[in-house]
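Counting begins at 1 with the first residue of the sequence. The structure presented is a predicted model; accordingly, all values stated were derived computationally and were not measured. Values below: every heavy atom of this structure, side chains too, minus hydrogens, waters and symmetry copies.
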Amino acid sequence: MAKCAMGKMRRKGLAIMAAQTVATSVDLGPATGLSCRECGTRFELGPIFACAECFGPLEVAYDLPTGDPEALRAAIEAGPNNIWRYAPLLPVPADVAGKPSLNPGFTKLVDAANLAKELGITGKLYVKDDSGNPTHSFKDRVVAIAVEAARAFGFTTLSCSSTGNLAGAVGAAAARAGFRSCVFIPHDLEQGKVVMAGVYGGDLVGIEGNYDDVNRFCSELIGDPLGEGWGFVNVNLRPYYGEGSKTLAYEICEQLGWQLPDQIVIPIASGSQLTKIDKGLQELIRLGLVEDKPYKIFGAQAEGCSPVSTAFKAGHDVVRPQKPNTIAKSLAIGNPADGPYVLDIARRTGGFVEDVTDEQVVEAIKVLAQTEGIFAETAGGVTVGVTKKLIDNGQLDPTLTTVVLNTGDGLKTLEAVAADSGQTATIRPSLDAFRAAGLA
C-alpha cells in the first residue's frame, strides 16, 4: 500500500509540476483542453498526462466542427495526402501543413484477396499497411502530433521511451523539425531498429532492462531538473501523441468510401492505438461523416507478452503485468497503460482479444509476404496470426468486411525470419548447374 501511495503522490506531483509550466494560451486548433478519462476533471492544455485529482489518464477534448458533413468531407478530400488533411479533427494549428514535418499518413489500404483466400475469408479483407510511412511504422503519425504540442509548449528536446519504432520516428521528426532528440530503448532491441534510431544524429541511450524499466526511468527524468525543456512524446505529451492513431480510423473509413469496416484487428502494445482508433470511429459517426452501424474491434498480442488477452479471456477488468518474452518486441509492454480501456472496447463492440505463439507469428509473416507481397515486422505477424486464429475459433465472421493492421516494416525485424528465408540454392553461372539444382 505504501508503494502504491508513493506512486500516486509522484504522479500527482508530476501533473502539478507540468501544470505550473504551461502557457496560458496555446494554439492547438480545435483542442480546448484535457479531460480525465476516469473522473472527467478538465485541465488547460499543457504537458500533463495524469489527473491531479484521481491520477487517471488525460485525453484531449475538442470543439469539433459542426455543420454540413458533405462540406467537411469535401474539405478533407481537398487536403494534402497525409494526416494533415484531418487537421480540423486533431490537436494541431490550422497552418500545420506548412510547418517542417515528415508529413506521414494516407498509407495504402490493400485489397488483400489472396490473403483472404488463404485464411478462408469470403468477405472483403484489407490490410492497412503503415510500413509506407517515412520511418516505416505507424509511429510517425503519433510523433507528428506530439511535435506540434512540443512546439506549442516551448520544448527544445524531443524524447521517448521506446521498443524501437518510436525511437526512429522521434529521431527523424526531431531532425526535420529542428529539435534536439534523446531517446531511450531497451538495450537488446533488434539491430535494424537500433541503427534506424541512431542514424538521425540524436542521442540514443540503451537501458539495461525491458520496456517497462525504460518507461519508469523516463518518468523519473521528467521530474528531475535534467529533464527541463524536454518533451517526452509518450509521457508528458502522451495525450496529444495518442491522438495521431485516430488518423488510422479516419483513413480507413475514407478509403472504404466513407464507410465503417465491420471488423478491425489491431495489435496491442500499450493499447493506445486501439483505443484511439475506436475514438476516431466514434468521432466520424458523431460528425455524420460515416453511417452509424455496429463494428467489432479485436486486439492482438503475442503469447509471450499477453496481459490484455489473458485478462479478457479470464473475464477480468484488471490487467495484471507480465514479464515479456517474445520475438514481437515492438509489442513487448508487460504493463500496458491502456489495457483496461482495451478490455472495455473489445467487450462493448462484441470483439475479442487473442494471442499467438512466436512460431505462429513467424508463419503469419511469411503468409502475408507470400500472398500479398507485404513484408511485415513481427507486430504485423501477430495481427495476421491472430486473425487466422479468430477465424478458426469462430470469433471473427469471415463473410464481413475486415481490416487488419500492419504497423511496421519487416526489414526492421529480419531476425524473425532470417533462418529459413535465404537463398534457395547457390550455383555456378551455367544452365547445367541450374538444371542440376532442380529449379528449372
Given E283, which of Y86, Y250, Y62 fulfils the side chain to side chain donor-acceptor pair (under 3.5 Å) condition?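 Answer to the side chain to side chain donor-acceptor pair (under 3.5 Å) test with E283 among Y86, Y250, Y62: Y250.
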Out of the candidates T349, D278, T401, only one should pair with Y295 under the side chain to side chain donor-acceptor pair (under 3.5 Å) rule; please name it. D278
Carefully, step by step, assess L289 and C253 under the rule side-chain contact (heavy atoms from CB on, under 4.5 Å). CA-CA 9 Å; L289 295 175; C253 291; over 6 Å; no
For the atom pair [atom1] ([X]) and [atom2] ([Y]), what is the distance rounded to the nearest 0.5 Å?
X	Y	atom1	atom2	value
L115	I121	CG	CD1	6.5 Å
C218	D213	SG	CG	11.0 Å
I222	N236	CD1	CG	4.0 Å
N234	L237	CG	CG	9.0 Å
Q191	T413	CD	OG1	13.5 Å
L72	L89	CG	CG	6.0 Å

Indicate yes or no: does [X] engage [Y] in a salt bridge with an N to O separation below 4.0 Å.
X	Y	value
R37	D338	yes
R286	D292	no
E254	R73	no
E363	K388	no
E354	K313	yes
K329	E190	no
R347	D317	yes
D130	K108	no
K296	D262	no
K389	D392	no

Please determine whether ring-ring contact (aromatic ring centres under 6.0 Å, His included) holds for the pair F155 and F179, giving the CA-CA distance in whole Å, both sets of side-chain angles, and the decisive distance to 0.1 Å. CA-CA 8 Å; F155 289 125; F179 287 84; 8.7 Å; no
Does some side-chain heavy atom of [Y] sit less than 4.5 Å from a side-chain heavy atom of [X]?
X	Y	result
L58	F49	no
D203	R180	yes
I185	V205	no
S181	Y200	no
V142	V233	no

[X] and [Y]: side-chain donor and acceptor closer than 3.5 Å?
X	Y	value
K293	Q259	no
T107	R141	yes
Y211	S161	yes
K276	Y341	no
D358	T326	yes
T371	N114	no

Heavy-atom count check: over 12 atoms from other residues, nucleotides or ligands less than 6.0 Å from [X] [atom1]?
X	atom1	answer
L439	CG	yes
D95	CG	yes
R320	CZ	no
E208	CD	no

Side chain to side chain donor-acceptor pair (under 3.5 Å) between N406 and D129, intermediate numbers included: CA-CA 5 Å; N406 174 43; D129 185 14; 2.9 Å; yes
Is there a side chain to side chain donor-acceptor pair (under 3.5 Å) between S35 and E59? Walk through the geometry before answering. CA-CA 5 Å; S35 177; E59 65 178 9; over 6 Å; no
For [X] versus [Y], what's the shortest heavy-atom pair and its separation?
X	Y	result
A173	V147	CB-CG2, 4.0 Å
K99	P93	CE-CG, 3.7 Å
T135	A172	CG2-CB, 3.5 Å
N81	F106	O-CB, 3.6 Å
V382	A302	CG1-N, 3.9 Å
G105	N133	N-OD1, 2.8 Å

Audit row: D397, T399, side chain to side chain donor-acceptor pair (under 3.5 Å) steps and yes/no: CA-CA 6 Å; D397 190 335; T399 68; 2.7 Å; yes
Audit row: S306, Q301, side chain to side chain donor-acceptor pair (under 3.5 Å) steps and yes/no: CA-CA 5 Å; S306 54; Q301 293 202 289; 5.3 Å; no
Spell out, as yes or no, whether a donor-acceptor pair under 3.5 Å connects the side chain of [X] to the backbone of [Y].
X	Y	result
E243	Y240	no
H136	S131	yes
S162	A167	yes
N335	A337	no
T407	S137	no
R176	S101	yes

Give the C-alpha distance, both sets of side-chain angles, the deciding distance and a yes or no for salt bridge (charged side-chain N to carboxylate O under 4.0 Å, His left out) between K193 and E377. CA-CA 11 Å; K193 291 181 179 177; E377 70 162 341; 3.0 Å; yes
For residues 410-421, the salt bridge (charged side-chain N to carboxylate O under 4.0 Å, His left out) pairs (sequence neighbours left out) are K366-D420
Check whether the ring centres of F298 and F352 lie less than 6.0 Å apart, and answer yes or no.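 Centroid distance F298-F352: not below 6.0 Å, so no.
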side-chain contact (heavy atoms from CB on, under 4.5 Å) between L119 and T387, worked out: CA-CA 8 Å; L119 298 181; T387 301; 4.1 Å; yes
Tell me whether the guanidinium CZ or amine NZ of R238 lies under 6.0 angstrom from the six-membered ring centre of F232 and within 45° of its axis. no
